[in-house]
Amino acid sequence: MNDLLLALIQAALILGLAPLVTGIIRKVKALLQSRRGPPVLQPYYDLRKLFRKSSVISSDASWITSVTPFVCMIAMMVAALLVPVFITASFGSLGDLIVVVYLFATARFFMALAALDAGSTFGGMGSSREMMISAIIEPAILLSIFSAALIAGTTDLAGISQVLVLGGTDLLRPTLFLAFAAFFIATLAENARIPFDNPATHLELTMIHEAMLLEYSGKQLALMEMASMTKLMLCITIAWSAFFPFGMATELSPLPVAVGLIAFLVKLLLFALAIALIESSMAKMRLFRLPNLLTGSFILAFLAVMSFYIL
Amino acid sequence: MGKGVVTERYPNIPYVPHDGIHGAPSFNMDKCRSDKTCEEICPTDAIHIEPDQLCIDLGLCIFCGDCALACPHHAVTMTNEFELASKRRKGLVRVHAIKQ
Amino acid sequence: MNPKLMSEIVASMPDEIAKGIQKTGLREGGVWMTVDRDLLPKIAGHIHNSWGAALVSMHAVDNRFITSDFKLCVVLALKGQDDFVTLVASVDAKDPVFPSLTSEIFCANWYEREIHDMFGLRAKGHPDLRPLVLYDDWPEAAFPLRKDFPVDAKVPRVPRPYVFREVEGEGIFVVPVGPVHAGVIEPGHFRFSVAGEPIIDLEIRLGYAHKGIEKLSERLDYAKGVHLAERISGDNGFAHSLAYCQAIEALSSVSVPDRARYLRCVFAELERVHTHLGDVGGIALDTAFTIGAQHAFILRERMMDVNDLLTGSRFLRGVNCIGGVRKDIDEEGRSKLIERLVMVKLDYQEFYDDVTSTPSVMDRLETTGVLSCEAASDLNIVGPAGRASGVDRDVRRDHPYAGYRNLSFKVPVLRQGDVNARFQVKSEEIMESISIIEQAISNIPEGELRARVPVPAPGKTAMSLVESPRGELVHWIVAGDGSPFRHKIRDASFHNWRAMEVAVLGDIVPDFPLVNKSFGLSYAGNDL
């Protein structure tokens with residue numbers, strides 16, 4: 001019961017802070033470009049605006065288009081229950097880290113289908129590019145998670161973070177660093193960031209993630225955008241909780257929880273800053289060079305697993 | 001990077017345009033002799049002179065400044081007024097009474 | 001032009017072609033030849049191929065109410081010389097066909113389609129007579145540029161199919177893009193045939209921004225026509241109005257005061273600098289290198305601000321007038337201009353180094369969108385896009401106008417023809433333009449700003465070429481009664497759009513916007 005309550009609180013925190021992270025990344029990118037940029041809370045205003053609008057759906061679309069926004073959002077909400085944020089507890093009996101990865105995959109699957117549904121060419125191109133990227137990134141994510149699971153002896157994310165926090169600096173091994181690096185690249189790929197995709201582009205021929213959203217408008221677009229922002233938040237939270245959860249509370253008492261919250265916010269900011277800096281310093285890579293980078297992520301994850309056994 | 005923010009704080013801080021920009025034309029009705037020079041020279045027919053008033057439609061005006069150059073009595077000057085938006089199309093038409 | 005050249009040209013033609021020449025003459029614009037309609041393609045082809053002449057324009061004039069025929073004009077620019085050859089053929093109103101020049105001069109393709117749209121003269125043997133700008137529901141027999149077609153005619157809507165090229169094969173998809181795009185840009189339709197990501201074929205259909213400018217111009221006084229010319233292609237407004245003014249000045253045989261000529265150079269180069277800055281920023285933006293792009297856009301804003309300061313208009317509108325310029329640059333303006341140019345020069349060097357030292361950006365720019373030198377010269381590509389593919393033509397150097405005769409500058413020419421080459425050419429041109437402005441502004445002679453130009457007498461013809469930031473543009477005018485009788489406008493984009501269809505072949509679809517931006521073409525200038 002305690003677990004469920006904590007999981008609900010942490011899920012609410014994830015969902016509530018997700019637009020803020022996107023806002024911070026955009027603000028930092030704007031400042032690096034010598035622009036003032038939109039307010040940090042702009043994504044909230046955008047969502048509020050979209051929720052008030054009615055939507056237009058193509059007459060050629062089927063039930064998949066109507067169902068997909070809900071599938072995506074629900075998948076993210078369920079995943080949010082499974083991820084510990086500031087305390088090493090989550091609703092683990094519902095599923096472990098592999099379930100989280102496949103919740104992401106379900107959302108992606110439905111998004112790709114919905115993009116093809118309306119029969120528009122950009123959606124089709126977006127789907128095919130997304131599938132190409134995800135085909136390579138999924139094994140990388142799984143391997144990097146397995147390396148953390150190997151150290152902790154469980155694939156339940158709460159369990160992994162518990163073991164790592166309690167183990168302290170003894171458990172600080174190269175495995176964790178390599179797996180974190182692999183997961184960082186995977187985060188950029190999963191969330192349509194430069195060098196994989198430009199989230200701020202208006203060029204429909206270059207879009208990967210945005211192309212799949214082109215047919216949506218109004219409330220459904222708000223749900224899809226919210227799902228994307230939540231996915232980014234979840235990836236960041238998983239990255240820290242699975243590999244460097246130090247600072248997280250292990251017991252439900254005021255001081256550790258406070259420390260856990262502050263540690264989480266600081267780590268969140270650091271990750272967001274890193275994403276913004278990387279996005280600003282390079283261009284989007286050529287499409288057919290992306291598998292090289294993704295394979296690099298896979299190799300890092302593979303090395304992480306190897307180093308667990310060797311080192 | 002490291003250049004600081006260059007975005008201006010308009011409209012919180014008003015923007016002062018350079019002198020001599022082609023903003024809205026202003027008509028000094030004391031000097032106007034309603035000889036219709038400006039109406040004929042205007043390339044977009046934005047100026048209409050009726051017996052008792054002169055109308056300029058800023059929605060048609062292209063701010064070329066031909067009227068200011070052509071007026072023999074120097075009654076027209078191009079000001080640097082650039083904030084000309086209006087919520088209604090009628091709001092863009094300015095009417096000046098002709099002094100007899 | 002020396003008369004010897006004219007006789008050399010005539011003498012070099014084989015006899016069966018030369019018998020088509022009815023009359024030759026020398027005018028200020030060069031050689032004029034009246035030729036037989038049926039031998040026009042061969043004569044034009046001979047001059048184009050053997051003398052390396054570039055096709056400058058091909059258009060028709062509706063002379064039915066004067067000489068009961070249409071006149072077909074082909075203007076060619078001789079290579080390496082400041083001379084033109086204009087061929088005029090008469091097309092009978094009762095038999096409105098003429099043999100197509102496309103087999104001899106490849107570049108004539110779109111010109112003939114435009115003539116068919118506007119005048120109804122059919123080019124026999126043309127490979128593709130689909131309408132160029134009037135389609136979808138324009139009725140077949142309505143030809144806007146004919147004299148008996150009133151400007152305010154209401155045309156019934158008659159649906160017409162427009163058939164695109166088909167590419168068939170296993171796994172080939174057709175991706176139609178536009179005219180409504182996901183971003184706020186001008187309308188244009190691009191039909192890709194792709195095999196997955198690589199582009200097998202691209203067909204471009206434009207004409208959505210057709211406004212009937214040539215028809216409008218026929219009823220505007222010459223003075224008002226300057227304002228119309230400035231708005232043909234918004235960001236090249238100064239170049240267009242300069243060509244128009246120079247054509248009218250040539251019609252009246254008036255020479256512009258020296259001070260005005262130098263000032264025209266200064267303003268034309270200012271326009272070139274800010275347009276190129278926008279282009280290179282756009283190239284960086286389309287590779288998602290936003291920091292670099294913003295840097296270039298900030299510099300562009302600084303240049304437009306100095307335009308505003310000097311002339312009261314960010315786009316240099318209202319500066320050109322027939323006979324000279326309307327705005328002067330005083331001491332204070334001059335010192336502010338020089339200060340700003342120095343700042344832009346240093347800052348631009350920083351931007352350039354930034355872009356060229358970021359491997360992810362250079363990887364996107366190199367070997368993308370290659371336009372071979374051969375294709376560029378066959379298609380008569382002009383401007384920086386041509387110079388990046390080996391076409392060594394620059395109107396400022398080859399047919400000097402305004403004050404360019406007294407100014408020295410380099411014309412960068414590269415041969416790789418990829419996006420990087422166009423980026424390099426534009427970067428060098430920015431630096432050269434800054435140097436031209438500095439030269440012009442320091443040596444500017446005192447004097448009048450404008451000369452009095454009498455209204456041109458009807459019947460005379462004049463042409464003016466100007467090197468706009470996009471390339472060579474032409475205004476060709478036959479004087480009428482207080483307004484042009486025929487005003488032919490040809491923007492640089494009219495030639496260069498064809499380069500896009502060739503340059504993207506073999507690249508993948510996501511690279512298309514980058515190639516498009518590297519050419520930096522005008523939709524409105526093309527459509528008129």
Side-chain angles (χ1 to χ4, degrees), chain A residues 25-26 28-37 116 119-129 131-133 188 192-208 210-215 217 276-293, chain C residues 171 173-178 180-185 190-194 196-199 202 281-299 301 347 354-355 357-368 504 507-517:
Chain A
I25 295 180
R26 286 185 196 161
V28 173
K29 277 166 77 170
L31 288 172
L32 286 171
Q33 293 165 24
S34 310
R35 290 186 295 131
R36 199 143 26 108
L116 291 165
S120 102
T121 39
F122 305 123
M125 288 198 293
S127 300
S128 81
R129 292 167 189 164
M131 284 298 132
M132 175 186 81
I133 293 184
L188 292 178
R193 299 268 140 200
I194 294 174
F196 296 94
D197 188 11
N198 185 357
T201 188
H202 70 86
L203 303 164
E204 67 270 41
L205 289 171
T206 62
M207 294 173 176
I208 301 179
E210 285 293 310
M212 301 192 286
L213 298 183
L214 276 178
E215 290 292 321
S217 50
L277 280 169
I278 290 184
E279 288 208 275
S280 300
S281 63
M282 56 190 304
K284 190 164 108 79
M285 283 173 77
R286 235 187 250 273
L287 187 68
F288 288 138
R289 284 214 207 285
L290 290 180
N292 295 354
L293 184 52
Chain C
F173 292 93
V174 173
V175 180
V177 182
V180 178
H181 297 284
V184 181
I185 57 181
F190 303 94
R191 196 161 267 244
F192 295 92
S193 298
V194 297
E197 294 284 353
I199 301 174
L202 167 63
I283 292 177
L285 189 66
D286 283 0
T287 59
F289 186 55
T290 2
I291 284 196
Q294 285 300 123
H295 196 159
F297 291 145
I298 293 173
L299 290 178
E301 173 60 30
D347 245 354
D354 225 358
V355 167
S357 61
T358 308
S360 51
V361 180
M362 293 315 285
D363 180 57
R364 292 294 302 274
L365 301 185
E366 286 168 349
T367 70
T368 311
V504 293
D507 279 327
I508 56 176
V509 172
D511 281 338
F512 169 75
L514 185 58
V515 178
N516 194 357
K517 196 66 201 183

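Labels below follow one simple rule: chain letters A, B, ... track the order of the sequence lines, proteins then strands, and each chain is numbered from 1.
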Using side-chain heavy atoms (C-beta onward) and a distance below 4.5 Å, is [X] in contact with [Y]?
| X | Y | result |
| --- | --- | --- |
| Phe122(A) | Val177(C) | yes |
| Pro199(A) | Lys29(A) | yes |
| Gln33(A) | Phe297(C) | no |
| Val509(C) | Val175(C) | no |
| Ile278(A) | Ile194(A) | no |

Can you say whether Leu287(A) sits under 4.5 Å from chain C via the side chain, the backbone, both, or neither, judging by heavy atoms?
both

Thr121(A) versus chain C, the contacting section by heavy-atom distance below 4.5 Å
side chain

Please classify the contact between [X] and chain A as side chain, backbone, both or neither, with a heavy-atom cut-off of under 4.5 Å.
| X | result |
| --- | --- |
| Pro359(C) | neither |
| Phe173(C) | neither |
| Asp511(C) | side chain |
| Val194(C) | neither |

Choice from Arg289(A), Met207(A), Glu210(A), Glu279(A) maximising heavy atom contacts with chain C below 4.5 Å
Arg289(A)

Can you say whether the rings of Phe512(C) and Phe192(C) are parallel (under 30°), tilted (30 to 60°) or perpendicular (over 60°)?
perpendicular

Among the options Val361(C), Thr358(C), Thr290(C), Ile185(C), pick out the one with the most heavy-atom pairs lying under 4.5 Å from chain A.
Thr290(C)

